[in-house]
Amino acid sequence: MEQKAVKQDLIEVRTLLSLPCRFDTGPVMGRFLRGLRDEKKIWGTYCENCGRTQLPPMQVCANCKEETSYWVELPDEGYLASFDVIVIPTLNPLTGEMRKVPYSVGRMVLDGGDAMIWHLLDETDIKKLVFGKRVKAVWAEHREGRIGDIVHFKVLDKIDPRARRINE
Amino acid sequence: MRERVAVVAAAQTGFEARKDKQRVQEMVWEVVRAVVDQTGLKFMEEMGIDNAVTCSDDYFDARTISDGAVTDVVGSHMRSEEKVSMDSLQAVYYAWAGILAGHYDITLVVAHSKESQAQSRNLITNAAFDPIYQRPLGLDYLQAAALQARAYMAKNKINSKTLAKAVVKSRANAANNPFAQEREKVAISDVVNAPMVADPLGKLDIYPVSDGAVAMILATESKAKVITDKPVWILGGGCCYDSFYLGDRDLAECMALDRAAKGAYKMAGIRQPTRQLSLVELSDYYSYQEPMWSEGLGLCAKGAGGELLASGATGIKGRIPVNPSGGCLAGNPLMVGGITRAAECFLQLRGEAGKRQVKGAKRALAHGTIGPAGQFHSVMIFGND
Amino acid sequence: MKRNRNVAIIGIGQTAHAGHRPDVNQVEMIHEAVREAIEDAGIRLKDIDCVVHGNMELFEGVHQPDMWHVIGDGAYGKPGIRITTGGTTGATLVSATDLLVASGLHDVVMCIGFEKQEEGQTTTGITAMADPIWGRELQTGALTGTTGAIYVRQFGERAEVAAAKLRVKAGNNAIRNRKAHLKLKLTIADVMNSRMLTWPLRFLHMCPESNGACAIIFATEEWAKKVKKPVWMKDHVTVHREETFYWGGPRKMQSTHNTAALKIYQRNGIVNPLKEIDVFEMYDPSSWWELDWMKEFLLLPPGKNMEMVEKGETEIEGAFPINPSGGVVSTNPIGATAAIRVAEAALQLRGDAGEHQVPKKLKTALASGFGGTMWTVLHLLTHDKPWIL
């Protein structure tokens, strides 16, 4: 259908949708957040069926469709697997405020296994973000039981030996 | 000859005003695990559960793509899952269609909602009105229901005391339902004297804020008979939309329910509902909805809903028990009402409804509704032979 | 998997997708698509027995919009279902509509997917899909350069040229599609120099926010006999995925695209997809993903996707046309987008795609939908009736 040429005065209605919420964290994420706040520890879950360590921790292993087996304490350092530097500011739906840009996020492999964590990085220069760079968590002085209890992961100037592919 | 489809397992969390000890994920896993344990089925195509149909709402969950939160716990990693985002009886309906189509043989259906999460349920349902006209007026589902209640009461000369009987009965029945939320007995005077919220609906006329989840497994006939020796067959279903602007409708009528019921009855061969149905589980989010939906379902003549309620015929020992579970008034989140009604029908038809068992139940009706003042209705008929 | 009924597509309607539609409200917009579909089918509104509706409701800020839209989509007085699965919504609507007809419960069912993106904040809406306790603090919409980064690490600038070439193709194809939103005549340099979003994903690689609706009418064989050019839904597969991502980690992330493709080929005896499928409308949220997912869907050996793109084999006149419509990077009203893939695939099979018609006899088409946490829905359509029942 062709769009007719519009001559009328088009009125628009503006509204702001705001839905105040309170999220229960439950036993699994609750334990994880208390671990951040009280112990400065990162807790993941391990599935003995497929051997996968899950972070965020989950009650159910998505692969196996069975309950996970153990809580595992994870180190707060590892290497960078993937990353994004966001330069476009957008609204944060949790706060209604614009995100400060640039900011970086990364997915990092924590030491000792295959657990991966998704979090902020301190480095926003894309040239310095390289697959395999070592990272270490920077903890907040005052922690509240939020993912922000880890301020971000510091990107270090060393490449992890595990980041080398077999044919490289 | 196409195979029939049966419900072979059902599970409910208890419904509570706030399940603060669980996230959505744990709440859903509780019922998924229960139906998996009931049937011993694996999450494997062709030889177990083929797919999942979930039901949740992005606004109540405050999460875009709200089924993303539960994919892991409904066994849908690398498998099929589809989300219905209206009353959960439609999730059962859709799962039924998928099996009738031959595309799937065994489907897991799961509905969840945590109404306690939002500070105001009314803010969310206010957003269901068009932002151009009805929303700025401040309408929400509660107020739409209040308008409808007023219209219905005026047309049929029913007063609040009659409507209160629905609440009294709901609580009395819920006392025998371990899943129900509001199980304390109330008297008519409690209901009538409760604080007014949206005239004519007082606090007790309105379904409480509630958290909970329900899961079911549907299977095609040949597999159903192997999974359980008490399959509950789906005999018919119908659904219908009414118009949207409240002013375009006669709120004292429920055209959509009339049509939905007609479609379901036709398919199930029900010509005399009160004779052929052993019980009815209808979605009564507000007290006036029990008598009003009873009329739409043909349980009595139009205008006689109040009399039917007052007569006791819809009591648990009456000739047409309505809501032996306690219904939505006893506590069901908005999205989860329909499937909970179906889950109750399931239990009743298997003789597993404990103290609220309707004796010799053979055919049961489940009803779901959503939208302002019952804009949308869905009806499904179940049987055990 | 068996089928109890053949299901035909008898009517297709789309709005002319656009960046701005201040001249219509949501209902009026979807009504345009509905009318076109009904006229295309040569039926009346009263012939439709069920309406399946979907979008991503947190975008426009309207809760349960199917209630409002009843006044424009013909669902008044009729059965219907509302199904929403994020970006895959349009495709899931198609699957649902197909199943409703195949079930025997309904004979003529219309699905409508829509989005009026400008009435909300798209990126914020997408950010809200993440877990409020974790990812929602970190995510910015659908913006990620991870796939591109993996390709650049392996292939260097060659990968950037390939992605750019795909964007140029999309623009050229869109110019030939009167319904497309962004009809951009681009050069490879334009794409490679466009504004960076998150390296190496650039502005021109990424899909736009569009306003539009798509309505498709499905019906039984009996109804198909009354229609000039029915095409058929043969099969569909849906593959969802867990919440968490593992990009770049020591465990390879399973690809839902690959899993869905393998499943649909296995069920339908397709041994060589490049030969046995004639046209593919792939949901390409970015040109990088078009490049990568070609490989996943078509079971290509490593590097073959790059070759095919470099040789122009996926152009409209090429050996294996992909996205003759201009794809999602040209047009993206999210609730409709995945349905548009099916609509466009169907138009191709009918020979009705006008200037962007693939100039070959087409017998089998593939259409994919994408959304959620890398979910895939895949549809297989055929020119001829698929099942003997």
Side-chain angles (χ1 to χ4, degrees), chain B residues 2 23 46 51 57-59 62-65 67-69 71-72 76-86 90 93-94 96-104 124-132 237-245 248 255-256 259-260 263 267 370-372 375-376 378, chain C residues 1-5 25-27 51 54 56-59 61-71 75-87 92 95-96 98-105 125-129 131-132 236-243 254 256 259 371-373:
Chain B
R2 189 168 295 158
R23 291 191 79 182
E46 310 291 331
N51 67 316
D57 178 77
D58 286 11
Y59 280 73
R63 183 159 178 166
T64 306
I65 322 179
D67 47 337
T71 316
D72 294 34
S76 289
H77 177 59
M78 306 311 288
R79 286 157 45 86
S80 173
E81 178 256 315
E82 294 161 304
K83 180 181 103 203
V84 166
S85 58
M86 65 190 321
Q90 285 302 83
Y93 186 88
Y94 179 50
W96 179 41
I99 299 175
L100 285 175
H103 202 79
Y104 300 113
I124 291 177
T125 60
N126 170 247
F129 288 88
D130 64 288
I132 300 167
C239 55
C240 187
Y241 279 100
D242 204 330
S243 190
F244 177 67
Y245 288 110
D248 286 347
M255 175 276 283
R259 286 198 192 178
M267 226 184 271
I370 197 152
Q375 183 184 346
F376 178 87
S378 178
Chain C
M1 187 224 80
K2 10 171 214 342
R3 273 309 200 110
N4 290 328
R5 245 181 167 189
N25 64 28
Q26 290 173 29
V27 177
V51 175
M56 285 180 70
E57 53 268 61
L58 275 170
F59 284 154
V62 180
H63 182 226
Q64 312 219 300
D66 56 326
M67 299 295 155
W68 178 22
H69 291 190
V70 153
I71 58 180
Y76 167 68
K78 297 196 181 168
I81 302 191
R82 180 164 154 75
I83 294 188
T84 68
T85 51
T92 311
S95 301
D98 168 65
L99 291 180
L100 286 166
V101 178
S103 70
L105 291 173
I126 296 177
T127 302
M129 71 177 267
D131 185 341
H236 49 89
V237 171
T238 297
V239 183
H240 280 200
R241 242 198 103 258
E242 59 180 330
E243 269 194 83
Q254 277 180 284
T256 57
T259 302
T373 53

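As a basis for the values below, the full set of heavy atoms in this structure was taken, side chains included, without hydrogen atoms, waters or symmetry mates. The chains referred to below are lettered A, B, ... by the order of the sequence lines, with proteins before strands, and numbering in each begins at 1.
Between Q64(C) and S85(B) the shortest heavy-atom distance is NE2-O, 3.6 Å. Y76(C) approaches S243(B) most closely through the heavy-atom pair CD1-N, 3.4 Å. Considering all non-hydrogen atoms of both residues, R82(C) and G54(C) come closest at NH1-CA, 3.8 Å. Scanning both residues, G77(C) and C240(B), for their nearest heavy atoms gives C-SG, 3.3 Å. Scanning both residues, D131(C) and E243(C), for their nearest heavy atoms gives CB-OE1, 3.8 Å.
Side-chain contact between M67(C) and Y241(B): present, with at least one pair of heavy atoms (C-beta onward) separated by less than 4.5 Å. Looking only at side-chain heavy atoms (C-beta outward), M78(B) and V239(C) come within less than 4.5 Å of each other.
Contacts of M56(C) with chain B are made by side-chain atoms alone, with heavy-atom separations under 4.5 Å and no backbone atom involved. For T127(C), no part sits under 4.5 Å from any heavy atom of chain B, backbone or side chain. Neither the backbone nor the side chain of D98(C) comes within contact range of chain B, judged by heavy atoms closer than 4.5 Å. Heavy atoms of L105(C) lying under 4.5 Å from chain B belong exclusively to its side chain. Using a 4.5 Å cut-off between heavy atoms, M255(B) contacts chain C through its side chain alone, with no backbone atom that close. The contact between V70(C) and chain B is made entirely by side chain atoms (from C-beta outward), counting heavy-atom distances below 4.5 Å. Heavy atoms closer than 4.5 Å to chain C are found in the side chain of I132(B), but not in its backbone. For chain B, the nearby parts of T256(C) are the backbone and the side chain; heavy atoms of each come within less than 4.5 Å. In this structure, the portion of R259(B) lying under 4.5 Å from any heavy atom of chain C is its side chain and not its backbone.
A donor-acceptor contact closer than 3.5 angstrom is absent between the side chains of T92(C) and E82(B).
For chain C, the option among G371(B), A62(B), S80(B) with the highest count of heavy-atom pairs below 4.5 Å is S80(B). Interface summary for chain C: among D248(B), I99(B), D57(B), the most heavy-atom pairs under 4.5 angstrom belong to D57(B). Interface remark: of the candidates A256(B), P131(B), A97(B), G237(B), A97(B) forms the most heavy-atom pairs closer than 4.5 Å to chain C. The greatest number of non-hydrogen atom pairs below 4.5 Å with chain B, out of L100(C), I71(C), I81(C), is found for I81(C). The choice from G86(C), G125(C), G80(C), A75(C) that makes the most heavy-atom pairs within less than 4.5 Å of chain B is G80(C). Per-residue counts of heavy-atom pairs under 4.5 Å with chain B were compared for R241(C), R5(C), M129(C), Q254(C); the largest is that of M129(C). Comparing T125(B), I370(B), N51(B) by heavy-atom pairs within less than 4.5 Å of chain C, the highest count is held by I370(B).
K83(B) and D58(B) are joined by a salt bridge, as a carboxylate oxygen and a charged side-chain nitrogen come within less than 4.0 angstrom of each other.
Relative orientation of the H103(B) and H236(C) rings is parallel, given thresholds of 30° and 60° on the angle between their planes.
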